[in-house]
Amino acid sequence: MPDVDVLVVGAGPAGAVAARHAKQAARQLDVVLLERDRAVGSPVRCAEGVGHAGLREFADPDGADWVSRRITDVIFQAPDDTEVVLADCGLGWILDRTRFDAHLAAEAAASGAQVLVGAEATGMSRNGDGRWHVRVKERGRDELYRTRIVIGADGVETMVGRWAGLDTRVPARDMESCAQYVLQGIDFNPDAIYLQFSNAIAPGGYAWIFPKAVGVANVGLGLVALKTNGRNAREYLDAWIARRFPNGARTGYTVGGVIVHTTIKKTYADGVMVAGDAAHMINPLSGGGIVNAMKAGRLAGRTAAAAICAGDTSERRLAAYHDAWMQLLGEDHLKYYRIKQALENVDDASFNKLARTVNKIPAAKRTLGRVFTHALIRHPQLIPVAARFFV
Ligand SMILES: Cc1cc2nc3c(=O)[nH]c(=O)nc-3n(C[C@H](O)[C@H](O)[C@H](O)COP(=O)(O)OP(=O)(O)OC[C@H]3O[C@@H](n4cnc5c(N)ncnc54)[C@H](O)[C@@H]3O)c2cc1C
């Protein structure tokens, strides 16, 4: 039975960063990173957009082969296609997740963690010796790993959280179903991401165009199934694309779920922490979770190393991980979640009106802050939306 100190389940951004930081914090520890798929980073279920500042905490995008595109503009589109180009929105990047996730896993390996692909955790139980015994299916064989700490970084469909007795259920209204094509031969500004909000196009969510190259983009949408008229995400996407890019060549397709909720109430148990999507650490307003997953992974990895070195892997000790996360981003997500709820009540006609009046602000001064203030002055019906941010 392999005996390890930290077993990380899932080699997405959360898991790879957790493994790397656990090892870097205490070189003497045995850290193993498991990935059930045959290749880290594949298949891609993501639009691949990240902000510069968050990404730079973990990797340098300049000249990196895991970057597809540098983004300088953000364009909001109203339901009637009125465009609002934001000024000063900051730099962003569209990643190549296949390469990016592999890069993060390689960094974990370089720091001394062992990375295993085609290795799926299938169950775990707490043993009398105070360790977790984790069953792993690897190349058709069943192995049992004995470990001091398990880090569950196994994404939206997490099982580690459930096996550890944590409540990882998601209310149906907070689960977005997404569908996305890679479209080629389409016309758009390749330096901008486009976000279109409309209950007719993507009820409860939004539609996006994230450029991968000139003429090539991830084009997708996320919606809340409860709010639809019975059609699924792909049918909504097909209808949108038929109108916007009827001649685009569909060269890739993916579906996936995004949990637009808040962090689960408890992200730890004796000898266990869950991180990233597995703990619902996605920004509930934007649906972005890559940088959040890496930040949570870093906290989990460091907390694991410190706990093992101190000889105390109890849930009392690991609660520090949850507290640190809540201070870092978890509390902010509670506020974003309230805004998301309030925005759900804004209808398409109001969005159209808002876009037209916002465009009266001179382009160079059209920052997010000014748009926000303008919206409240010119459209007082939005004041309750803003108010939810503060209550
Ligand atoms: C359509 C779509 C578009 C998105 N667009 C964006 C975007 O533009 N920007 C952004 O920031 N976020 C985006 N997201 C969200 C983002 O993809 C996730 O938040 C991010 O990948 C979370 O990282 P993670 O490490 O927590 O989980 P994941 O990246 O899901 O990684 C989990 C890993 O665990 C593995 N695994 C699962 N179970 C087991 C097991 N039992 N044993 C071993 N391995 C296991 C999986 O194979 C997977 O590799 C999008 C999501 C979707 C679905």
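Just follow the structure's listing: the first ligand is 1, and inside any ligand the first atom is 1.
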> Considering only heavy atoms, which of Met124, Arg97, Glu176, Arg45 lies nearest to atom 29 (O) of ligand 1?
Replying inline: Arg97
> Under 4.0 Å from any heavy atom of Gly288, which atoms of ligand 1 are there?
Replying inline: 10 (C), 11 (O), 12 (N)
>> Against ligand 1, does Gly220 come closer than 4.0 Å with any heavy atom?
In response: no
> Could you walk me through whether Thr72 and Asp191 pass the side chain to side chain donor-acceptor pair (under 3.5 Å) check?
Replying inline: CA-CA 6 Å; Thr72 51; Asp191 300 323; 5.0 Å; no
>> Test of understanding: with ring-ring contact (aromatic ring centres under 6.0 Å, His included), list the residues that count as partners of Tyr181, not counting sequence neighbours.
In response: Tyr253
>> Does the residue Glu157 have a heavy-atom contact with ligand 1, meaning some pair of atoms that are separated by less than 4.0 Å?
In response: no
> Any N/O of Ala278 closer than 3.5 Å to an N/O of ligand 1?
Replying inline: no
> Does the Gln327 side chain pair with the main chain of Ala324, one donor and one acceptor, at a distance under 3.5 Å?
Replying inline: no
>> Counting non-hydrogen protein atoms only, what is the nearest one to atom 1 (C) of ligand 1? Give residue, atom name and distance.
In response: Cys178 CB, 3.5 Å
> Looking only at protein heavy atoms, which one is nearest to atom 42 (N) of ligand 1, and how far off is it?
Replying inline: Ala121 N, 3.0 Å
>> Could you identify the single nearest non-hydrogen protein atom to atom 37 (C) of ligand 1 and state the distance to 0.1 Å?
In response: Asp154 O, 3.4 Å
> Which of the atoms in ligand 1, numbered in the order shown and given with their element, are less than 4.0 Å from a heavy-atom of Phe210?
Replying inline: 8 (O)
> Is the NZ or CZ atom of Lys266 both under 6.0 Å from the centre of the six-membered ring of Tyr268 and within 45° of that ring's axis?
Replying inline: yes
> Considering only heavy atoms, which of Gly287, Ala153, Gly10 lies nearest to atom 32 (C) of ligand 1?
Replying inline: Ala153
>> Counting neighbours of CZ on Arg243 that are heavy atoms of other residues, nucleotides or ligands and sit closer than 6.0 Å, is the number greater than 12?
In response: yes
> Are side-chain N/O atoms of Trp325 and Thr263 paired as donor and acceptor at under 3.5 Å?
Replying inline: yes
>> Among all the protein's non-hydrogen atoms, which is closest to atom 8 (O) of ligand 1, and how far away is it?
In response: Gly49 N, 3.0 Å
> Can a non-hydrogen atom of Met159 be found less than 4.0 Å from any atom of ligand 1?
Replying inline: no
> If you count the atoms of ligand 1 from 1 in the order shown, which ones are under 4.0 Å from a heavy atom of Ala14?
Replying inline: 25 (O), 26 (O)
> Would you call the rings of His52 and Trp93 parallel, tilted or perpendicular if under 30° counts as parallel and over 60° as perpendicular?
Replying inline: tilted
>> Arg36 versus ligand 1: do any nitrogen or oxygen atoms come within less than 3.5 Å of each other?
In response: yes
> Does any N or O atom in Trp163 lie less than 3.5 angstrom from one in ligand 1, N or O only?
Replying inline: no
> When the ring centroid of His133 is compared with that of Tyr145, is the distance short of 6.0 Å?
Replying inline: no
> In terms of atom number and element, which parts of ligand 1 are under 4.0 angstrom from non-hydrogen atoms of Val258?
Replying inline: 51 (C), 52 (C), 53 (C)
> Counting each atom of ligand 1 from 1 as listed, which ones have a heavy atom of Ala47 under 4.0 Å away?
Replying inline: 3 (C), 4 (C), 5 (N), 6 (C), 8 (O)
>> Evaluate Glu35 for polar contact with ligand 1, using N/O atom pairs at a separation under 3.5 Å.
In response: yes
> Of all the non-hydrogen atoms in the protein, which one sits nearest to atom 13 (C) of ligand 1, and at what distance?
Replying inline: Cys46 SG, 3.5 Å
> With sequence neighbours excluded, what pairs up with Arg56 under the salt bridge (charged side-chain N to carboxylate O under 4.0 Å, His left out) test?
Replying inline: Asp60
> Is there a donor-acceptor contact under 3.5 Å from the side chain of Asp96 to the main chain of Asp65?
Replying inline: no
> Side chain of Thr158, backbone of Gly155: donor and acceptor closer than 3.5 Å?
Replying inline: no
>> At less than 4.0 angstrom from any non-hydrogen atom of Gly276, what atoms of ligand 1 do you find?
In response: 26 (O)
> Looking only at N/O atoms, are Gly15 and ligand 1 under 3.5 Å apart anywhere?
Replying inline: no
>> Show the atoms of ligand 1 that are less than 4.0 angstrom away from any heavy atom in Gly12.
In response: 25 (O), 29 (O), 31 (O), 33 (C)
> Taking the non-hydrogen atoms of Gln180, is any one of them nearer than 4.0 angstrom to ligand 1?
Replying inline: no
> Out of Lys212, Arg69, Arg97, Arg99, which residue meets the salt bridge (Lys or Arg N to Asp or Glu O under 4.0 Å) rule with Glu48?
Replying inline: Lys212
>> Name the residue from Arg231, Arg244, Arg250 that meets the salt bridge (Lys or Arg N to Asp or Glu O under 4.0 Å) definition with Asp238.
In response: Arg250
> Which of the atoms in ligand 1, numbered in the order shown and given with their element, are less than 4.0 Å from a heavy-atom of Val9?
Replying inline: 40 (C), 42 (N), 43 (C)
> Less than 3.5 Å between some nitrogen or oxygen of Ala293 and one of ligand 1, yes or no?
Replying inline: no
>> Please check whether Pro13 reaches ligand 1 - meaning an N/O of the residue sits under 3.5 Å from an N/O of the ligand, judged on distance alone.
In response: yes
> Hey, mind stepping through Arg146 and Asp3 against salt bridge (charged side-chain N to carboxylate O under 4.0 Å, His left out) and telling me if it holds?
Replying inline: CA-CA 5 Å; Arg146 210 165 74 110; Asp3 202 346; 2.8 Å; yes
> Do Gln196 and Asp81 have side-chain atoms, one donor and one acceptor, less than 3.5 Å apart?
Replying inline: yes
> So, for Leu33 and Gly10, which heavy atoms are closest and what is the spacing to 0.1 Å?
Replying inline: CD1-O, 3.5 Å
> Is the backbone N or O of Asp30 less than 3.5 Å from a side-chain atom of Asp5, with the two atoms forming a donor-acceptor pair by type?
Replying inline: yes
> Does ligand 1 have an atom under 4.0 Å from some heavy atom of Ala119?
Replying inline: yes
> Heavy atoms only: which of Asp277, Asn292, Ile259 is nearest to atom 26 (O) of ligand 1?
Replying inline: Asp277
> Looking only at distance, does Gly256 have an N or O less than 3.5 Å from an N or O of ligand 1?
Replying inline: no
